[in-house]
Amino acid sequence: MISGIDKEIGFLRDALNLRANRQQMLASNIANADTPNYKARDINFATELQRAQGAQVGNLAMNVTSAGHMKTFAGTQNVQALYRAAVQPSIDGNTVDMDVERAQFTDNAIHYQFLLDSLGSKFKTMQAAIQGQ
């Protein structure tokens, strides 16, 4: 039972961390909208979530040489940032399109809030079960 709870909470944790990373990346794109030669970056959320869930550990695996070492996992710290193709290239080489960035920022914020609400709901359900309500 604990592993089922851990699995579900772990999924929400990884999704929230990825959404937070993506939000920072999108905010950075917006902040550098006027920086010459700045290239807009984003992540492929589905791919990174699969990687965070352990589907693709790749080169991030660490050796465990003692029983006291913590388990390693792919995690959400090393997301692979991709460069976004410019919709309308600018003369100074900047690829930030403010309409795209604002839309992606808002979409990501809505998904982040949904995940927060889902996590809060899970905790309320567990609390009610523990209290026998």
- Query: Got a sec, which hydrophobics cluster with Ile110, joining ILVMFWY side chains under 4.5 Å apart, including via others?
  - Reply: none
- Task: Could you tell me which residues satisfy salt bridge (Lys or Arg N to Asp or Glu O under 4.0 Å) with Arg22, sequence neighbours excluded, listed by chain and number?
- Result: Asp42
- Rounded distance [0.5 Å steps], CG in Asn108 versus NE2 in His111: 8.0 Å
- Message: Suppose clustering is done on Ile, Leu, Val, Met, Phe, Trp and Tyr with side-chain heavy atoms closer than 4.5 Å. Which residues sit in the same group as Val100?
- Response: Val87
- Please list all pairs passing the salt bridge (Lys or Arg N to Asp or Glu O under 4.0 Å) test where one or both residues lie in residues 123-133, with sequence neighbours left out. none
- Query: For Asp92, which residues count as a side-chain hydrogen bond (donor to acceptor under 3.5 Å, both in side chains) partner, sequence neighbours excluded?
  - Reply: Ser90
- Item | Residues which pass salt bridge (Lys or Arg N to Asp or Glu O under 4.0 Å) with Lys122, listed by chain and number, not counting sequence neighbours | Glu8
- Counterpart residues, side chain to side chain contact (heavy atoms under 4.5 Å, CB included), relative to Gln127 (two or more places apart): Gln131
- Please identify each residue that fulfils side chain to side chain contact (heavy atoms under 4.5 Å, CB included) with Asp117, with sequence neighbours left out. Gln113
Sequence neighbours left out, cut at 3.5 Å: what donor-acceptor pairs do the side chains of residues 25-36 make with other protein atoms?
from  : atom 1 : to     : atom 2 : distance (Å)
Ser28 : OG     : Tyr38  : OH     : 3.2
Asn29 : OD1    : Tyr38  : OH     : 3.1
Asn29 : OD1    : Arg41  : N      : 3.1
Asn29 : ND2    : Arg41  : O      : 2.6
Asn29 : ND2    : Glu101 : OE1    : 3.1
Asn32 : OD1    : Thr35  : OG1    : 3.1
Asn32 : ND2    : Ser28  : O      : 2.9

- Task: Kindly compute the distance separating CZ (Arg102) from CG (Asp97), expressed to the nearest 0.5 Å.
- Result: 9.0 Å
- Message: Going by the rule side chain to side chain contact (heavy atoms under 4.5 Å, CB included), which residues pair with Phe123 if we only count those two or more places apart in sequence or in a different chain?
- Response: Ile9, Leu119, Met126
- side-chain hydrogen bond (donor to acceptor under 3.5 Å, both in side chains) partners for Ser118, two or more places apart: none
- Message: Which residues pass the side chain to side chain contact (heavy atoms under 4.5 Å, CB included) test with Gln80, not counting sequence neighbours?
- Response: Glu48, Leu82
